[in-house]
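Notes to accompany the following structure.
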Amino acid sequence: MDLATPTARTRATTPRLGVNIDHVATVRNARGGAAPDPVRAAHLAVAAGADGITAHLREDRRHIRDGDIARLKQELMVPLNFEAGATREMVDIALKVQPHAVCLVPERREERTTEGGLDIIGRRDELKPMIGELSAAGIRVSLFVEADPAVMRMAAELGAPVVELHTGAYCDRHDGRAVEAARAELRRIEMAAALGRDLGLEIHAGHGLNFESVVPVARIPEIVEFNIGHFLVGEAIFTGLEAAVARMRAVILAARAEQGAPGAG
Ligand code: PXP
C-alpha cells in the first residue's frame, strides 16, 4: 500500500469523535425533572456519527448522575468513556460499571469546568495503583493532561495506554486576537502528541473545541480521538444535535484529509 497517497494516509489515521453529553444533564438538572434526557442525546449523537460517548460523573453530581452512567452503559452500542476524578469513589464506580474507558481528570469543587490537566507527576504514587487496578479490570485508562514533555514521559512510566491532551489553553487563545499565543499552544500540543506517540501512547484531545478551533488540532496526525461537549450541546440549540455532531465530524475528517494531502505540511 502506498502510504503517501492521501486516501491511504487518511484511512490510516481516521480520527474518532467522542461526544460529551454532560451539559444536556446540566439543562435537565436546572429544573429537577427528567428532561432533556442525556441518554436520548447520546443515542442521537451516535445516529449522527459519534464514535463514542463521554460523560463526566463529578463528585458533586452537578450534571451527570450515577443513574445516567448505568443507563449509558446498558444502552449504548458504542464505547462509553467514563470521565472521573482520580478518587477511590470513582475507581470503585468504574470497576462496577465496566465502561470501555476511564478518563482520569483533576477535579475541584469550586471550578466551573475541568481546569488544567491532571498532575500526574505530583500524584504518581497515588495514580499508579489506580491505573493498574482499572487496567487489570480490562478498562482502558486515559489521563487528561497538559501537553508537556515531562508529563508524556510520566504517563508512559505509569503504564497508561492513552493520554488526552487538554486543548483549553489553546482554545482560550483561538479567538482571532491572540494569534501568536494560540500558535504557541498549538505547537505545544503538536510536540506532545509526537513525543507521546513515540513513547507508545495513544493520543486524544479535548476541551473547548469548536468548528474553527478544532481544524488545526485535527491536522495533527498523532491524535486519534477528539472529545467535544459544551460547544456541540450549545450548537444543538440552533441547529439540532444531529446536525452539530455530523458537521463536527465532517470538519475533523476534512482537516485530517487535508493534512494527508500531497504537499500539506
Ligand atoms: N475531555 C475532558 C477530559 C473534559 O474534562 C472535557 C470537559 O468535560 C471535555 C473533553 C470536553 O470539553 P468541552 O465540553 O469543552 O468540549
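Note that ligands are numbered from 1 as they come in the structure, with each ligand's atoms numbered from 1 the same way. Below, each value reflects all heavy atoms present in this structure, side chains not excepted, and no hydrogens, waters or symmetry copies. All residue numbers in this chain count up from 1 along the given sequence.
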Note: ligand 1 atoms sitting under 4.0 Å from heavy atoms of N20 are 8 (O)

Distance filter under 4.0 Å to V105 heavy atoms, resulting ligand 1 atoms: 3 (C)

Applying salt bridge (charged side-chain N to carboxylate O under 4.0 Å, His left out), run through E89 and R61 and close with a yes or a no. CA-CA 13 Å; E89 180 198 12; R61 299 340 189 236; 2.8 Å; yes

F144-ligand 1 polar pair, N/O distance under 3.5 Å: no

Distance under 4.0 Å to a non-hydrogen atom of N227: what atoms of ligand 1 satisfy this? 10 (C), 11 (C)

side-chain contact (heavy atoms from CB on, under 4.5 Å) partner of E75, the single match among K73, M77, R71: R71

For ligand 1, is there an N or O atom under 3.5 Å from any N or O atom of H230? yes

Using modelled atom types only, decide if a donor and an acceptor are shared between the side chain of S213 and the backbone of L209 within a distance under 3.5 Å. no

Distance to the ring centre below 6.0 angstrom and angle to the axis at most 45 degrees; does that hold for R16 and F226? no

Using a heavy-atom cut-off of under 4.0 Å, does the side chain or the backbone of E164 touch ligand 1, or both, or neither? side chain

Report, in ascending order of atom number, the atoms of ligand 1 lying under 4.0 Å from any heavy atom of G208. 12 (O), 13 (P), 15 (O), 16 (O)

Side chain, backbone, both or neither: which applies to E83 and ligand 1 if a contact is any heavy-atom pair less than 4.0 Å apart? side chain

Would you call E157 and R124 a side-chain contact if the rule is heavy atoms closer than 4.5 Å? yes

Would the H166 and F144 ring centres measure less than 6.0 Å apart? yes

